[in-house]
Trainee: 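This is the structure I want to talk about, given as structure tokens.
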Amino acid sequence: MSVRCRFAPSPTGPLHIGGVRTALYNYLFARKQGGAFILRIEDTDVARSRVEFERDILTGLHWLGLEWDEGPEVAGLAARGAYGPYRQMERLALYREAAERLLEGDLAYPCYCSPEQLDADRKAQEAARQPPHYVGRCARLSAQERRAREAEGIKAVVRFRVGAERVAFDDLVRGHVEIDTRTMGGDLIILRSDGSPLYHFTVAVDDAQMAITHVVRGEEHLSNTPKHILLFRALGADIPTFAHLPLILNPDRTKMSKRKSQTALSAYREEGFVREALVNYLALLGWSSGTEEELFRLEELVERFDLDRVQSGGAVFDRERLEWMNGQWIRRLSQEEFLARMTPFLVRHLERRTSAGERVRQPEEAELRALVPLVQERLPVLAAIGELVDFLFLERVAVEPGQLVPKRWDQRTTLEALEAARGVIRDEIGPVTFEADELEPPLRRLAEERGWKAGDLFMAIRVAVTGRTATPPLFDTLVALGRERTLERLDRATDVLAGAAAPTQ
RNA sequence: GCCCCCAUCGUCUAGAGGCCUAGGACGCCACCCUUUCAAGGUGGAGAUCAGGGGUUCGAAUCCCCUUGGGGGCACCA
């Protein structure tokens, strides 16, 4: 039988990094096995589910390149797949029908206990240091008793009978697992009093109906797996193979959460993490290829992936390592690709500067292209492009007199150097060509003639024209700036320095 | 409280009884390269393999216990 596995997120929040990892492992496993990867939206929590979250999930998966074979929407097309619909709220009839069957077979029963009663039970159990469980008040009601309650207008939930036994299964990640059903909290509610289905029930009904062969999901579902197995059995369905993935952890080793970590995929995307890095990093968080290579693209991961090699202990999400890997993938992008991905980040940065009241010049395609070799290897995240090169597009850069003077120099020397450098650039460099190669020799010569360290001269110029001490290579920077702007900024810096000097002299 | 899972450098991991005086990567430190910042290169510090018992000629690797951590036990998913 060919492999079918699914990613089943609920749209109660933006696509979570942990969900991405689960989706990725499902995808890798399905592709590796030549099986199907199915996306199912678990939106039965009406109170918390929102369409924009569903959109965020679909967008995120598309962006990562984790395309699904069946699901609510495929690559912008309408839903597709023979086991649809793929949104649970569109599958209510299926659940109702399945519940009906269980009721008929007395594998489930209506329960009339009020939430208040259940709450009181739970409190009592807690006080008696008992594990919380349903006491079974409605488990053996006679037909008349049920009718009486119905007559009172009490809306019943439907409970699934959980018999006493040890349920065992062989988890692909954890091996043999056995759980006593008596520790699971008693008979399970599968339908709310309004008739809507609950998670454990929908999972079993859907996985059965969608012919899922492998359930690959987070470890938080491990203890609940017997419930699903019992339900599969009651439904007369085959029991899929399970693989429970280790949790992704906060730095304090608790389950990764919004409170303590940045969990939304979209947030990483907005910071300029590239899909290659996110996929690569997450693949290696809990799985390893067994070799010492660690930079893999999606297709390479598919070739190598194996659930056997999934780690069983939880893994702390290490942003530093992600950033390193992101830099690796940014550098591996083709120039065209890099340009296309980086530009929106620069544009956005400049827009922000504009709204902050600064005068900004719009970058031209050609000058951005020229910038690529200078910046591509300097970005840990794409969003860093703004800070790196915005001085090229700002009408005025703020130059601090303090920064302008190199460590070994004083104000006088700096002033002299900037004026001299300006002269050299104005007189010796052709306005037409103005290339990095022709800038360097005369400026080095200048430093030598005056007995300055070239580095000091260059630093003074750098700060003068960019307002920063860390920039792309100086001569390329001057070229990017252009002759006119370079001269202008040297002038202005000289004024700033002279102005700062004046009061003290 | 009960049940389940987990346990190798700070972090991600290699290791499926002898190849381990435990390997790689991130991070950290130093040096090299260098006009700054990165990138890159070289080297270094960093794990008595949580602790204790077994099994075995031999254990990070198998078993048991302890400890620690995590997860689960909803008319949430």
Side-chain angles (χ1 to χ4, degrees), chain A residues 8-13 42-45 47-49 111 113-115 118-119 122 125-126 128-133 155 157-159 171 173-174 177-180 182-186 188-194 196 198-200 202-203 218-227 244 246-247 249 251-255 281 284-295 308 311-325 327-328 331 375-380 384 388 440 443-444 447 453-459 461-463 466 468-475 477:
Chain A
S10 60
T12 51
E42 309 218 324
D43 54 357
T44 54
D45 184 347
R48 294 194 298 148
S49 292
C111 167
C113 298
S114 67
L118 297 174
D119 216 48
R122 218 165 291 132
Q125 288 156 3
E126 198 178 320
R129 302 175 141 214
Q130 297 273 307
H133 61 279
K155 289 276 179 235
V157 301
V158 175
R159 278 189 193 269
D171 191 280
V173 173
R174 272 143 233 286
V177 178
E178 258 183 67
I179 296 173
D180 193 319
R182 278 167 298 200
T183 68
M184 295 191 325
L188 182 72
I189 300 183
I190 57 176
L191 250 43
R192 294 185 179 91
S193 48
D194 66 2
S196 64
L198 255 13
Y199 173 72
H200 298 300
T202 58
V203 163
E219 195 199 325
E220 67 264 32
H221 291 110
L222 187 63
S223 328
N224 286 322
T225 300
K227 293 176 185 171
H244 287 94
L247 261 21
L249 273 22
D252 65 3
R253 305 201 73 91
T254 55
K255 182 162 91 166
Y281 177 73
L284 260 35
L285 198 61
W287 171 82
S288 73
S289 71
T291 68
E292 285 187 351
E293 329 156 71
E294 47 192 349
L295 261 15
D308 294 348
Q311 200 83 16
S312 34
V316 174
F317 187 86
D318 181 1
R319 189 197 158 94
E320 299 256 30
R321 188 167 150 82
L322 206 213
E323 269 190 28
W324 165 78
M325 204 170 262
Q328 294 295 319
R331 276 170 229 126
V375 299
Q376 187 165 8
E377 65 182 30
R378 290 185 160 70
L379 299 179
L388 225 205
E440 185 165 354
L443 287 169
R444 277 196 190 277
K453 288 213 163 216
D456 290 335
L457 205 218
F458 296 164
M459 183 51 90
I461 299 174
R462 168 178 296 111
V463 175
T466 68
R468 299 180 195 281
T469 53
T471 68
L474 180 63
F475 305 108
T477 298

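In the text below, chain A, chain B and the rest are named by the order of the sequence lines, each starting its count at 1. In this text the structure is predicted, and so the values were computed from the model without any measurement.
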Trainee: Contact class for A:E178 (heavy atom, under 4.0 Å): base, sugar-phosphate, or nothing?
Mentor: sugar-phosphate

Trainee: Within less than 4.0 Å of OP1 or OP2 of B:rA39, is there a side-chain N or O belonging to A:Q376?
Mentor: no

Trainee: Could you write out each protein N or O paired with an N or O of nucleotides 16-18 of chain B at a distance under 3.5 Å?
Mentor:
none

Trainee: Would you tabulate the pairs of protein nitrogen or oxygen atoms and nucleotide nitrogen or oxygen atoms of nucleotides 34-38 of chain B closer than 3.5 angstrom?
Mentor:
| from | atom 1 | to | atom 2 | distance (Å) |
| --- | --- | --- | --- | --- |
| B:rU35 | OP1 | A:R444 | NH2 | 2.6 |
| B:rU35 | O2 | A:R462 | NH2 | 2.3 |
| B:rU35 | N3 | A:L474 | N | 3.4 |
| B:rU36 | O4' | A:R462 | NH1 | 3.1 |
| B:rU36 | O2' | A:T469 | O | 2.7 |
| B:rU36 | N1 | A:R462 | NH2 | 3.4 |
| B:rU36 | O2 | A:T471 | N | 2.8 |
| B:rU36 | O2 | A:T471 | O | 2.9 |
| B:rU36 | N3 | A:T471 | O | 2.7 |
| B:rU36 | O4 | A:P473 | N | 3.2 |
| B:rC37 | O2 | A:R378 | NE | 2.8 |
| B:rC37 | N3 | A:R378 | NE | 3.1 |
| B:rC37 | N3 | A:R378 | NH2 | 2.7 |
| B:rC37 | N4 | A:R378 | NH2 | 3.1 |
| B:rA38 | O2' | A:E377 | O | 3.4 |
| B:rA38 | N1 | A:E377 | OE2 | 3.2 |

Trainee: Tell me every residue that passes side chain to side chain contact (heavy atoms under 4.5 Å, CB included) with A:Q328, counting only those two or more places apart in sequence or in another chain.
Mentor: A:L295, A:W324, A:R331, A:R332

Trainee: Would you mind building the protein contact string for nucleotides 61-77 of chain B? One character per nucleotide, 5' to 3', B for base within reach (heavy atoms under 4.0 Å), S for sugar-phosphate only, - for untouched.
Mentor: ---------BBSB-BBB

Trainee: Report which part of the nucleic acid A:G286 touches: base, sugar-phosphate, or nothing (heavy-atom distance under 4.0 Å, all strands).
Mentor: sugar-phosphate

Trainee: How does protein reach along nucleotides 19-32 of chain B, written 5' to 3' as B (base within reach of a heavy atom under 4.0 Å), S (only sugar-phosphate), or - (no contact)?
Mentor: ----SSBS------

Trainee: On a whole-Å scale, what distance lies between the C1' atoms belonging to B:rG46 and B:rC26?
Mentor: 13 Å

Trainee: At 4.0 Å (heavy atoms only), tell me whether A:E126 reaches a base, stays on the sugar-phosphate, or touches nothing.
Mentor: nothing

Trainee: In plain terms, say whether A:K255 and A:E219 are close enough for a salt bridge, that is, a side-chain N and a carboxylate O under 4.0 Å apart.
Mentor: no

Trainee: Could you write nucleotides 42-50 of chain B as a row of B, S and -, 5' to 3', where a protein heavy atom under 4.0 Å of any base atom gives B, of only sugar-phosphate atoms gives S, and otherwise -?
Mentor: ---------

